[in-house]
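Chain naming here is simple, since letters A, B, ... match the order of the sequence lines and numbering starts at 1 in each. These numbers were taken from a predicted model, which means no experiment stands behind them.
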Amino acid sequence: MQRYNPSDIEPKWQKIWDETGVYTANLKSNRPKYIAMSMFNYPSGAGIHIGHAMNYTISDVKARFKRQQGYESYHPVGWDAFGLPAENYAIKTGVSPQESMANIIPGYHKQYKAMGWSNDWQKEIATHLPEYYKWTQWIFSEMYRRGLAYQDSRMQWWCSIDKTVLANEQVIDGKCWRHDGPNDPLVEKREVKQWFFKITDYADELLAAIDQLDWSESVKLAQKNWIGKSVGAEIEFRIHNSKDTIKVFTTRADTIFSAALIILAPEHKLTKKITTIDNQQLINKYIEDSEHKSEVERQADKDKSGVFTGAYAINPANGEKIPIWISDFVLAGYGTGAIFGDIHDERDFEFIKKFNIPARVSIIPEDEQEAQKVKNQEYCYSSEGILIDSAEFSGLRSNQAREKIIDWLAKKKVAKEVTNYRMLDWSVSRQRYWGAPIPVINCPKCGSVLVPDKDLPVILPELTDYQPTGDGRSALARAKDWLSIECPQCHGLAERETDTLDTYIDSSWYMYRYFDPQNQNNIFDSEIVKKWEPIDFYNGADHATAHLLYARFIARFFTKIGLINEPEPFKQFLFNGKVTASDGQMFSKSKGNGVDPLEIISSGYGADSLRIYLMFAAPLDLWVKWDSRGVPGAYRFLNRLWNLVSEYLESADGQLNDDDRLAINQIIHPMIKKVTEDIENNRYNTAIATIMGSLNELYRIKKNNLVKCDVWLAALSSIIACVAPFAPHISEELWQLLGNSTTVHRDTWPKWDEQYLVSEEVTIVIQVNGKVRAEIKMPQGANQEDVLTVAQKEDNIKRYLAESSIKKVIYIADKILNIVVG
RNA sequence: GGGCGAGUGGCGGAACUGGUAUACGCGACGGACUUAAAAUCCGUUGGCCUAAAAAGCCUUGAGGGUUCGAGUCCCUCCUCGCCCACCA
């Protein structure tokens, strides 16, 4: 037989799989279903890199494993094609994004196939195609019709390079996520009219459902923090000599009696109105400064700054007159944009001390000495404690007083219980070209009017100039023919909306389109989706918060409108690690340290070796440092498997004695069990290690005893089937060489036989006082007395027992005998 | 600053609910094959002690504790990584 040469067999099988459609999922099958997928890819001119190889192999192994187990297993493929890179490329070169995508995507097909991923190409989707974004637009319309999409003017992050609005999560360390280099500018704030999805309506249920998810813990936590629920009270303060009132949000209503001042965010609506003439100049300057101050500067500048407005508020709890200040550490976007400051909060404490604002203490610890220090205001006491100087609430514990004080203020109609979320509504407008146009017509008479469903999709017109207009509108404002349209309501002259939808919308529902990619009349056939939902396995190394949260939101929305049944789209989510360069640095184009999977494949090692290496190097949730010697190591393993099968095929027919038969079975069956459980539990590295170990043991046995017989055939078949999810090409080749006429990739997963999991003879470790002193062989299931009797005959044990007496014996069946002597 | 996670050979990493620490792979060393090299195959490989073996001692970031027995549980400390970061 020939030597193992991946360059021959890999392309051969890829072609055959393509032609025979082994990986085409029958969505109407009666088999149990399984769908495994990784976050879909953004096609760029660079092609796939080693990180993609990692991500997609993880879900491919899962899909293949289930397919071999007899599931109708679906490993879908699609393209997250809308987004800025293709548009920026278009601006630079004049090549339309539509054309770039048409050029780029076929290259990805080749690369995906070269990696041996078992994608179902018949159901491929791409978000930039009108047949897809028609339904992205439809989702917007449905949201609008149900009151979950609205338009509002907001201060928004603005990237001066891309000339577009950014969502909060697209601002990283004060810079645009696409331009975060040292020379890139900081983001600015601009008032922009935006479309929003009311995700905050779902905040509570999105939060509540997190605990039940079978997801990586770190991601669950990130989601919780992102939603950021906090329960407290909104308390209303009258302004002295004015009819206006200021509402503040607090989670510590129990500290209200020590309120020393009110602090407003500089952007707060009342700031300018209440400022007294004497203070106007300073206040205006402060507001102006903080507008220009970037988020980075605000954060870097931990030192508290602020200006007194000259106005006073009345504490509704005790009638005290307290000053109103402004400071940029108070965030306009959270709560009411105003707080009451008191000595029991670290930040307020700092502020009060810095500006010498009179303050007093209302919570003290139980310890008398400490209480005295707190009363002397030596440090900030922000923990729970006992109330003092708090009228009828004095003496209560702070955690109990909290609710009582809110009730009391509520009766006076100056407070109510409120829940706040860190998460804001989802800004879905983008002033960019390369996205799904928002299906809205702006009519001078009727205002915003939805494009009727029958006119969807609103096709994105091709342009010659893709540069945003710079006035805040996308390049679509230049497409005059496209822009002007008759209003569907009054039939007067109107204009189309020039904003496009955030690409996170495209990716928040794509998993459902996979089940019915060609449907022209509906977003998808609910019956099919209800059969296939939820996604059984999902993985990725990015997007722990935004994408997953938005997908969960859309799934809940779909559930409410009856399209699907499962409010949670992803049953299991694995947040896998990334691959970095050997020095731990991220791969990047600018560093030129990238590793090209296709180069490794074509260098002769093949995709199978690359796949094995990536899955073997470390547990899936750890980051892997690329090691160029890893792939050759994986290749050696596959080569050993190849050579063993070759030798078997060239050997003569024969019989094995009972001992050898048993020995081989006792290698293979535990392996099957371990590999099955490990893949199930996403422990691919130990699954591969187990197969390697078994192969090594078979090598030890084969020396004199390799003959063509049922036991060897079964052993080799099992090992090939177990390798198949990781190394699909070599296993298919060897499978066929062993005489099979059907593929190894369907219905071939071996079962283990319990009788071979235990051996008749076991090794028992003999310890004296917890230290290993001997090993003895005993029949499986021997009792303590027998083991002890045999152990006492061991020379080394005798030495230890000679001078002391046995005080106690601990026996763990078939494992350990510990003799305690004194 | 807050939260989460992790520290195991020269390296990546194993170790089930406390029960033979270092599986598997890489690297290194020795041998076979070869004119030679690569590839392949066989063997050795935590440290100390030893010519070698046996026996023994030490070893899972540091220190302490619980236990017959601790990488695993508890306490204190150190280091690293990731995420969030003035959210009232």
Q) What stems, by residue range, does RNA chain B take part in, given at least 3 consecutive Watson-Crick or G-U pairs under 3.5 Å? A) B:1-7 with B:78-84, B:10-12 with B:24-26, B:27-32 with B:40-45, B:46-48 with B:56-58, B:61-65 with B:73-77

Q.
Measuring centre to centre across the rings, with the benzene-like ring taken for any Trp, is A/Phe616 within less than 6.0 Å of A/Tyr684?
A. no

Q: Determine, using ring centers only, whether A/Phe575 and A/Trp215 are less than 6.0 Å apart.
A: no

In plain terms, say whether [X] and [Y] are close enough for a salt bridge, that is, a side-chain N and a carboxylate O under 4.0 Å apart.
X: A/Glu417; Y: A/Arg402; result: no
X: A/Asp211; Y: A/Lys220; result: no
X: A/Lys354; Y: A/Glu350; result: no

Q) Syn or anti for B/rG13, taking syn as within 90° of 0? A) anti

Q: Round to a whole Å and report the spacing from CG of A/Leu221 to P of B/rA85.
A: 13 Å

Q) Within this structure, what is the CD1-to-C1' distance between A/Ile691 and B/rA14, rounded to whole angstrom? A) 15 Å

**Q.** Step-by-step side-chain contact (heavy atoms from CB on, under 4.5 Å) determination, A/Thr250 to A/Ile339
**A.** CA-CA 7 Å; A/Thr250 181; A/Ile339 62 168; over 6 Å; no

Q.
Suppose we screen for salt bridge (charged side-chain N to carboxylate O under 4.0 Å, His left out). Which residues come up paired with A/Asp204, at least two apart in sequence or across chains?
A.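 Expected list: A/Lys229.
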
Provide a list of protein-nucleic acid N or O atom pairs under 3.5 angstrom, restricted to nucleotides 79-83 of chain B.
none

Q | Under 3.5 Å: donor-acceptor pair, side chain of A/His344, backbone of A/Tyr381 | A |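 At least one qualifying donor-acceptor pair exists.
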
Q | Residue whose closest nucleotide on RNA chain B lies nearer the 5' end, A/Thr686 versus A/Ala338 | A |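 Residue closer to the 5' terminus by nearest nucleotide: A/Thr686.
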
(Q) I want to confirm an ordering. Mapping A/Gly335 and A/Asn643 to their closest nucleotides on RNA chain B, which one lands closer to the 5' end? (A)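 With A/Gly335 and A/Asn643 compared, the 5'-side residue is A/Asn643.
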
Q | Heavy-atom donor-acceptor pair, A/Lys625 side-chain to B/rC11 base, under 3.5 Å | A |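 Check fails, no donor-acceptor contact within cut-off.
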
Between N or O atoms, less than 3.5 Å apart, protein on one side and nucleotides 24-32 of chain B on the other: list the pairs.
{"from": "B/rG25", "atom 1": "OP1", "to": "A/Asn696", "atom 2": "ND2", "distance (Å)": "3.0"}
{"from": "B/rC26", "atom 1": "OP1", "to": "A/Arg636", "atom 2": "NE", "distance (Å)": "2.9"}
{"from": "B/rC26", "atom 1": "OP1", "to": "A/Arg636", "atom 2": "NH2", "distance (Å)": "3.2"}
{"from": "B/rG27", "atom 1": "OP2", "to": "A/Arg636", "atom 2": "NH2", "distance (Å)": "3.1"}

Q | side chain to side chain donor-acceptor pair (under 3.5 Å) pairs, two or more places apart, involving residues 605-623 of chain A | A |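 Those involving residues 605-623 of chain A are A/Asp60-A/Arg611, A/Asp608-A/His729.
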
Q) How long is the gap from CD1 on A/Ile352 to CZ on A/Arg360, to the nearest 0.5 Å? A) 12.0 Å

Q. Say you draw a straight line from CD of A/Glu794 to OH of A/Tyr800; how long is it, rounded to the nearest 0.5 Å?
A. 13.0 Å

Q) What string of B, S and - do you get for nucleotides 55-61 of chain B, 5' to 3', if B is base contact, S is sugar-phosphate-only contact and - is no contact with any protein heavy atom under 4.0 Å? A) SSSS---

**Q.** Below 4.0 Å: OP1/OP2 of B/rC16 and any side-chain N or O of A/Arg683
**A.** no

